[in-house]
Amino acid sequence: MSDSFDVIVIGGGPGGYPAAIRAAQNGLTVACIDAWRNRDGSPAFGGTCLNAGCIPSKALLESTELYHRARHEFAAHGLQVAGLAADLATMQQRKANIVRQSTQGILALFTAAGVTPLQGRGRLLAGRQVEFTGHDGAQRLLQARHVVLASGSAPTPLPGVPFDGARIVDSWGALEFSEVPRRLCVIGAGVIGLELGSVWRRLGAETVVLEALDQLLPMADGQAAKEAARHFKRLGLDIRLGAKVTAADAGADGVTLRYTDGNGEHSVGADRVVVAIGRRPYTEGLLGADTGVRLDARGCIEVDEHCHTTAAEVWAVGDCVRGPMLAHKAREEGVAVADRIAGRYAEVNYRTIPGVIYTAPEIAWVGQTEEQLRAAGRTLKTGSFPFAASGRARAMAAPAGFCKIIADAGSDEILGVHVIGPLAGELIAEAVLAMEYSASSEDLQRTIHAHPTLAEALHEAALAVDKRAIDALNR
Ligand code: FAD
Ligand code: AMP
């Protein structure tokens, strides 16, 4: 095998593997090095997203949502379910099968595209040499014309609450429980904390979520966050805001967490604790001496708007660089870099990266919130439409939530779209496309939406921007 490649990608997650495939599609010789190993030691491409993030969490969210609906909502459809029980072992096996299928799929894609897969660690040296250490310890020195760093991120540890892999775990550990904890405590009410809290709450865990900030989901639209809080409460998630966790005492009886809030010091007991206070860029052992690649104060690999690092012909994408830690952001950066290396035009529109929280109801947004826009002094017009007024949502017995569109009062350009409700993560795609084309609310108003669909709610929200909604009162 040659030791020289046009492109070497270090990291095979959703940033790295699409970069490798696109580079090969562009006619370049490519190797993709990835260090991921599962708990049983088996290597797997796909990074955090496929092995311990997006995909396994969505598999468990789907199973537990079905269970929850069967228990609490099927009766309204006239469906009586006798003997319903959650079999966690089967649920976990289903999840593991989905993950395996997905990660093996990447190897098949590499073979088809002509990418050389290398499982082990990669280390960038000066002059775009890459030291590859296989899982067996064997080393090879490789040379690349271009190197793409896509080393991802790792969970942020909380001082005073050390991971022990059993009772105090990170998000990966929380996806692997083999028993439903009786008392669960999640630290951090971010996207990951709320999704994992929902999974285990639906299966019966008494779940407390401790969040240091006074506000729930500060990155989401204020109205959507308020609506979400109502539904989390109804599910039984005990979310305590302004609660900063400071320490954990592990005893025979479980873990006691100590936290402070506006009223002083408190403690709460749990059988399992999930620390979900965010993720930090992961670059351990990635950079040798004199590579010229610089890290910023937060530990992110420093890049310009084209994802080029401070070293010539070395690029970096995904969670290890600035910007939101999202799989689709990583992927678009990876593909764009592979096109740039091949001399093709590429651009990532950072203003239209959608965010989705896969709770029930789902929460999705693109662009800015009303709060952000008002703080920036923009004059706005907004339109909302409740799913309670959507025929399709009512037929689905999913009337919670709304679509909200924010447009510039003068030009009518859409500046933000916020959806909380059924399949919000799917509905937001239309809004992303609209904003990608700098659409006005009138453009959406004049776009035909099939009836009866959930997407009609977005159409009606666009009409509501000009107080012209048909199926709801225009207030
Ligand atoms: P990663 O996926 O972390 O991949 C990096 C890879 O590089 C890893 O395989 C790592 O082992 C490897 N690596 C690191 N250093 C080296 C080295 N020196 N040599 C070789 N290999 C190396 N995002 C969403 O968009 N939607 C979601 O629904 C979502 N859900 C999530 C749920 C959870 C529980 C978690 C934890 C994350 C979730 N995310 C979600 C975030 C998403 O997983 C990340 O944004 C995404 O994986 C980032 O991709 P990446 O390629 O930059 O890094
Ligand atoms: P995210 O960054 O979206 O993954 O969310 C992580 C959340 O954890 C943020 O909302 C933080 O405010 C919260 N957080 C961070 N440190 C603590 C802490 N010590 N106690 C409780 N919550 C915390």
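Read the numbers this way: they start at 1 and go in the same order the structure lists the ligands and their atoms.
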Could you give me the CA-CA distance, side-chain angles and deciding distance for E332 and H328, then say whether side chain to side chain donor-acceptor pair (under 3.5 Å) is met?
CA-CA 6 Å; E332 291 309 313; H328 42 283; over 6 Å; no
If you measure only the distance, is there a donor-acceptor pair under 3.5 Å linking the side chains of N97 and Q93?
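The criterion, which ignores hydrogens and geometry beyond distance, is satisfied for Q93 and N97.
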With a 3.5 Å cut-off and no angle check, do the side chains of D6 and T29 form a donor-acceptor pair?
yes
Does only the side chain of [X] get under 4.0 Å from ligand 1, or the backbone, or both, or neither? Count heavy atoms.
| X | result |
| --- | --- |
| Y282 | side chain |
| S151 | both |
| P56 | neither |
| D34 | both |
| Y358 | side chain |

Hey, is ligand 2 close enough to K244 that some N/O pair sits below 3.5 Å?
no
For ligand 2 and A212, I'd like to know whether there is a polar contact (N/O to N/O, distance under 3.5 Å).
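Between A212 and ligand 2, an N or O pair is found under 3.5 Å apart.
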Looking at T48, which atoms of ligand 1 are within less than 4.0 Å of one of its heavy atoms?
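Counting atoms of ligand 1 from 1, those under 4.0 Å from T48 are 1 (P), 2 (O), 3 (O), 4 (O), 36 (C), 43 (O), 47 (O).
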Which bit of [X] gets closer than 4.0 Å to ligand 2, counting heavy atoms only: side chain, backbone, both or neither?
| X | result |
| --- | --- |
| P218 | neither |
| I277 | both |
| L158 | side chain |

What do you reckon, does [X] have a nitrogen or oxygen under 3.5 Å from a nitrogen or oxygen of ligand 1?
| X | value |
| --- | --- |
| G122 | yes |
| I10 | no |
| R121 | yes |
| K58 | yes |
| G318 | no |
| R279 | no |
| G53 | no |

Which residue and atom name correspond to the protein heavy atom nearest [atom], and how close is it?
| atom | value |
| --- | --- |
| atom 46 (C) of ligand 1 | P14 CG, 3.6 Å |
| atom 45 (O) of ligand 1 | D319 OD1, 2.9 Å |
| atom 21 (N) of ligand 1 | A35 N, 3.0 Å |
| atom 51 (O) of ligand 1 | G15 N, 2.8 Å |
| atom 24 (C) of ligand 1 | A327 N, 3.5 Å |

Residue-ligand contact [X]/ligand 1, heavy atom below 4.0 Å:
| X | result |
| --- | --- |
| P155 | no |
| A150 | yes |
| G120 | yes |
| R123 | no |

Need the ligand 2 atom indices (1-based, order shown) with element for anything under 4.0 Å from a heavy-atom of [X].
| X | value |
| --- | --- |
| G278 | 2 (O), 4 (O), 6 (C) |
| L213 | 12 (O) |
| A243 | 20 (N), 21 (C) |

So is R272 actually on top of F177's ring, under 6.0 Å and inside 45° of the axis?
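Yes, R272 lies over the aromatic ring of F177.
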The option among A154, G152, C320, C54 carrying the non-hydrogen atom nearest to atom 53 (O) of ligand 1 is G152
Using the six-membered ring wherever Trp is involved, compare the ring planes of F110 and Y17 and label them parallel, tilted or perpendicular (cut-offs 30° and 60°).
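Ring orientation, 0 to 90° scale: perpendicular.
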